[in-house]
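Lettering of chains follows the sequences in order, A, B, ..., and the numbering in each one begins at 1. The analysis underlying the following values was restricted to heavy atoms, covering all of them including side chains, and did not include hydrogens, waters or symmetry mates.
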2 protein chains.
Amino acid sequence: MTTSRQPVMRLLDLLGRRWTLRVLWELRDGPLTFRALREACGGVSPSVLNARVAELREAGVLEDAAEGYALSARGRELGELLLPLDAWARRWARRSSG
Amino acid sequence: MTTSRQPVMRLLDLLGRRWTLRVLWELRDGPLTFRALREACGGVSPSVLNARVAELREAGVLEDAAEGYALSARGRELGELLLPLDAWARRWARRSSG
DNA sequence: TCGGTCGCTACGAAAACCGTAGCGCGAGAT
DNA sequence: ATCTCGCGCTACGGTTTTCGTAGCGACCGA
């Protein structure tokens with residue numbers, strides 16, 4: 001009840017690792033190669049990126065594609081759940097400045 | 001254009017730190033004291049929890065309350081955006097097992 | 001064969017995180 | 001006034017994660 005045995009907490013733990021959310025976000029609108037993904041994420045170190053990719057792949061969220069890496073069907077679903085964060089973040093950016 | 005100058009990427013960076021999402025999640029249904037929050041998060045070390053709390057406080061997502069820490073109005077909005085993750089995670093948990 | 005790009009690994013330095021102990025403070029009881 | 005208790009939070013040493021850079025082997029077009 002308190003532990004991460006609940007699915008959502010496992011998910012929160014997975015997403016709460018550096019670059020994971022960002023990778024998901026960048027892959028939302030189409031596949032990217034390893035290097036392109038790396039640059040899209042502002043130049044993460046390849047070791048970390050590879051670790052994240054492996055985790056997401058094992059989680060069934062990301063999969064290999066001809067064009068590089070792509071979100072799976074499940075991953076696309078998850079990506080869409082992340083979408084409203086954009087609107088929220090825009091409103092959020094207008095804090096303490098008016 | 002590529003960097004985290006875009007609001008959503010700042011947000012993704014904020015949320016992509018260990019325990020941040022979890023803290024948000026645990027605070028969704030009511031305020032918690034520091035120690036209660038700590039236990040709800042499976043016993044995070046207080047130094048890290050304090051850092052996360054400070055970050056979220058500065059971001060205007062979390063605020064001090066009589067009962068401990070509580071989500072701000074904005075924070076509650078963000079918390080609701082996280083809500084569908086629960087349903088997704090449940091479906092996700094039924095992978096590779098049926 | 002050569003140049004270019006691909007996914008990915010190696011490895012030392014730096015930063016983040018963990019676990020435990022405990023401080024200073026305010027409230028309630030004696 | 002003192003004692004006690006739980007509170008938010010800090011200190012600190014050890015472990016893990018992340019970073020930054022360099023580069024390997026494979027593939028492909030010229």
Electrostatic pair A/E55-A/R52, nearest N-O below 4.0 angstrom: yes
A/R22 to A/C41 - nearest heavy-atom pair and separation: CG-SG, 3.6 Å
Rounded distance (Å) that lies between atom P of D/dC7 and atom CD of B/E67: 14 Å
Sequence-aligned protein contact record of nucleotides 12-19 of chain C, with B where the base is within under 4.0 Å of a protein heavy atom and S where only the sugar-phosphate is: ----SSBB
Residue mapping more 5' on DNA chain D - nearest nucleotide basis, A/R35 or B/F34: B/F34
Short side-chain N/O contact to C/dG7 OP1/OP2 from A/N50, under 4.0 Å: no
Side chain A/S72, main chain A/G60, donor-acceptor under 3.5 Å: yes
Side-chain donor/acceptor of A/R76 to backbone N/O of A/A70, under 3.5 Å: no
Separation of atom CD in A/E39 from atom P in C/dT5, rounded to whole Å: 11 Å
Test item: A/W92 side-chain N/O and B/R74 main-chain N/O as donor-acceptor pair under 3.5 Å: no
Atom-to-atom span, CG of B/L49 to P of D/dA11 - whole angstrom: 16 Å
Nearest-angstrom distance from the residue atom CZ of B/R38 to P of D/dG8: 11 Å
Joint cluster assignment, A/W25 & A/L27, ILVMFWY side-chain distance < 4.5 Å: yes
